Structures are given as C-alpha cells and as structure tokens.
Amino acid sequence: MYTTNQPFLTEAILAAEPLASPTAGVELHQITYDSQGYRVKALLAIPTSDGTAEAESGGVNARPLPALLYCRGGYRGVGKVRPERIAQLASFGYVVIAPHYRGNEGGEGQDKFGGDDRHDVYSAYELLRAMPMVQPDRISLFGFSRGGMMALLAAIERPGFHSAVVWSGVTDMFLTYEERNDLRRMLKRLVGHPEKDPQAYLDRSPIFRVSEVTCPILIIHGTEDENVGPAHAKRLAAECSKHGKPYDFWLVDGASHLFDSTQIEEYTRKMFAWLGGEKGK
C-alpha cells in the first residue's frame with residue numbers, strides 16, 4: 001500500500017489535517033476541497049498496510065488502489081460521517097473519501113438535501129480521479145440512507161464509476177415525504193412541498209431516472225427498515241430490471257435501518273467481494 005506523507009495532495013485539495021485513526025494500517029485525514037466555489041470538508045482514509053481487512057501489516061508498495069466515494073445519510077448532526085466506519089472501509093484496501101456535504105463540519109454553503117450539494121459528491125469524484133494513488137477506473141459509490149439518493153444521482157449524472165452500492169437507501173423523495181412524518185418540516189424548508197414543488201422532488205428522486213444509470217448497482221436493504229422503507233429498494237430493483245441495468249438485490253430478513261454489528265460485518269465483507277467482481281456472492 002502507501003506510506004503517504006500526504007502525496008494525495010492535489011490542486012483541488014485546499015487543506016489537509018491528519019487525524020488519529022481508529023484502525024491500524026489506515027491513515028485518516030480531514031480535508032478541505034473546492035466544490036462550486038465553496039470550501040467543503042470531507043474525511044479521507046488511506047490504507048497503508050496490505051490490502052485487506054484480514055491482512056497482516058507488511059511491506060509497502062505504490063500500486064494504485066481502488067477507491068470508494070462514501071455518501072453519508074441524514075442531515076446536519078444526524079447521520080454524520082463516522083471515522084470508525086470510514087477507516088473500516090479503507091481497511092479492505094480502498095482509498096475512501098466521505099464528503100460531509102456543504103454547510104457541515106465547518107464547510108461553506110448550505111446542505112439542501114440533494115440539491116446543489118450533490119456537486120460535493122461530483123467534486124470529490126474528480127478529486128479521487130486526480131490522485132496518483134487511485135485507479136481512476138475503479139472508483140465506486142457507496143450511499144447509505146439519504147446517501148443512496150446522492151450516490152444514484154452521481155451514477156446518473158457523472159459517467160465513469162465502476163459500480164454503486166445503495167445500502168438502506170432513499171430512491172424516491174415523494175415516498176420519503178409520505179413515510180416520514182417527522183421529516184416533513186425539514187423537507188418543506190429545504191425542498192418544498194411535494195404538491196407545490198414537484199420538480200424539486202423529481203430532481204432528487206433517482207428512481208425516475210434509472211434508465212440513465214451508467215454502472216452496476218448493488219442494493220442492500222433490511223426487511224424491517226422503518227426509516228427508509230423496503231419499497232425504496234424494491235422499486236429500484238424493479239426499475240433496474242425494467243431498463244436492463246445490471247444489479248444485485250440483497251433483501252436482509254429481519255434487518256432494520258441500522259444493521260446490527262454482526263450484519264454490518266457480514267454484509268460489508270460481501271459488499272467488497274461484490275465490488276471485487278464476485279457479483280451476487
């Protein structure tokens with residue numbers, strides 16, 4: 001892997017601060033980068049030992065690595081990027097970048113829940129593509145909860161991703177408004193009312209644009225998810241099938257929105273096997 005001393009720095013990265021990593025063999029940095037003229041924050045995790053979670057610490061080489069663009073869920077303090085999760089993902093041998101989205105963690109601008117803040121994901125993609133340590137044709141998306149919407153929009157609007165994982169992901173904002181009474185006040189403020197502002201909801205609902213998806217999709221969802229109902233995943237799978245898009249759908253019996261620790265470990269390992277080419281296993 002890499003010993004960095006910050007060789008990941010590119011012109012697009014405006015600042016980088018090393019952080020204590022919770023995972024051996026992984027470097028963690030808080031970076032600031034440009035997105036549509038805003039200074040946006042993200043976590044960047046880089047594996048520095050051998051390339052799998054099971055590997056022993058060993059020699060160092062400079063072969064380019066695959067990358068994962070992690071799209072967080074929630075809004076503001078809910079669903080924040082967790083260093084433990086990002087470092088865990090990087091321990092599988094992937095460079096991982098996780099935008100906080102504009103307006104979060106000291107970043108400039110305002111998070112509009114899938115509005116122009118989607119460009120923070122697109123700018124992070126270009127940032128990864130410019131890093132010499134990253135294989136530019138092996139950059140995948142990972143979207144959790146609200147991040148599923150962000151990841152799918154990126155897979156639609158920015159060709160070139162290797163694949164996209166949608167885990168407990170939002171795909172239809174009209175459905176989110178319908179099923180989440182507790183979010184309606186926030187959604188009205190940020191997006192509008194679905195009857196008065198339907199275009200804003202359409203713009204944030206990748207379910208209506210699956211025909212434009214440019215990479216294979218892995219859908220992971222729990223049958224008991226009460227935050228983002230399984231209908232989001234089932235509709236996405238149906239649309240992928242309808243439009244001939246390559247996908248796998250893992251509906252996890254008994255799992256809720258936040259998988260328990262055993263489920264997270266099991267499906268994270270399965271996810272990386274899928275990303276590595278063992279589709280559907």
Side-chain angles (χ1 to χ4, degrees), residues 67-74 99 101 112-122 124-126 137-180 183 187 191-192 194-195 197-223 225 227-252 255 257 267 270-271 274-275 277-281:
L68 198 62
L69 205 174
Y70 180 91
C71 302
R72 59 159 285 193
Y101 308 143
K112 287 288 191 178
F113 210 80
D116 284 345
D117 44 279
R118 70 183 67 181
H119 288 274
D120 303 344
V121 175
Y122 307 163
Y125 173 52
E126 296 303 327
D137 61 343
R138 289 290 308 281
I139 301 172
S140 294
L141 291 150
F142 179 125
F144 176 76
S145 195
R146 170 261 182 104
M149 167 183 66
M150 306 292 279
L152 285 168
L153 288 171
I156 290 166
E157 298 183 353
R158 289 296 183 273
F161 285 103
H162 177 264
S163 51
V165 177
V166 180
W167 190 320
S168 302
V170 170
T171 63
D172 183 345
M173 282 293 292
F174 292 98
L175 180 56
T176 294
Y177 187 90
E178 178 183 323
E179 66 187 1
R180 291 295 300 272
L183 295 182
L187 291 174
V191 184
E195 293 183 359
D197 306 284
Q199 191 61 49
Y201 281 78
L202 281 171
D203 289 344
R204 291 166 170 82
S205 297
I207 193 67
F208 301 109
R209 299 177 62 188
V210 173
S211 63
E212 302 174 59
V213 167
T214 58
C215 65
I217 298 174
L218 172 60
I219 308 163
I220 307 174
H221 217 103
T223 60
D225 192 335
N227 290 15
V228 180
H232 286 267
K234 293 176 180 178
R235 292 181 185 181
L236 177 58
E239 286 296 307
C240 287
S241 181
K242 174 182 175 181
H243 294 287
K245 299 297 180 179
Y247 77 99
D248 281 290
F249 182 19
W250 301 345
L251 189 61
V252 184
H257 190 60
Y267 282 91
K270 288 182 176 180
M271 176 189 78
W274 185 91
L275 289 171
E278 299 176 34
K279 307 298 186 186
K281 296 184 180 179

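Since the model is a prediction, treat every value here as computed from it, not as a measurement.
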Please confirm whether the backbone N or O of [Y] pairs with a side-chain atom of [X], one donor and one acceptor, at under 3.5 Å?
X      : Y      : answer
Arg204 : Ala200 : yes
Tyr101 : Arg72  : yes
Asp117 : Lys112 : yes
Ser140 : His162 : no
Thr214 : Ala155 : yes
Ser145 : Gly74  : no
His221 : Val228 : yes

Q: Determine, for Phe113 and Arg146, whether the Lys NZ or Arg CZ falls below 6.0 Å from the six-membered ring centre while staying within 45 degrees of the axis.
A: yes

Q | Pairwise distance CG(Asp172) to OH(Tyr201) - rounded to 0.5 angstrom | A | 11.0 Å

Q: Measure the CE-CH2 distance between Met271 and Trp250 for me, rounded to the nearest 0.5 Å.
A: 8.5 Å

**Q.** Identified ring pair (Phe, Tyr, Trp, His ring centres under 6.0 Å) counterpart of Phe142 within the set Trp274, Phe161, Trp167, Tyr267
**A.** Trp167

Q. With the threshold set at 4.0 Å, does a side-chain nitrogen-carboxylate oxygen contact exist between Glu126 and Arg158?
A. no

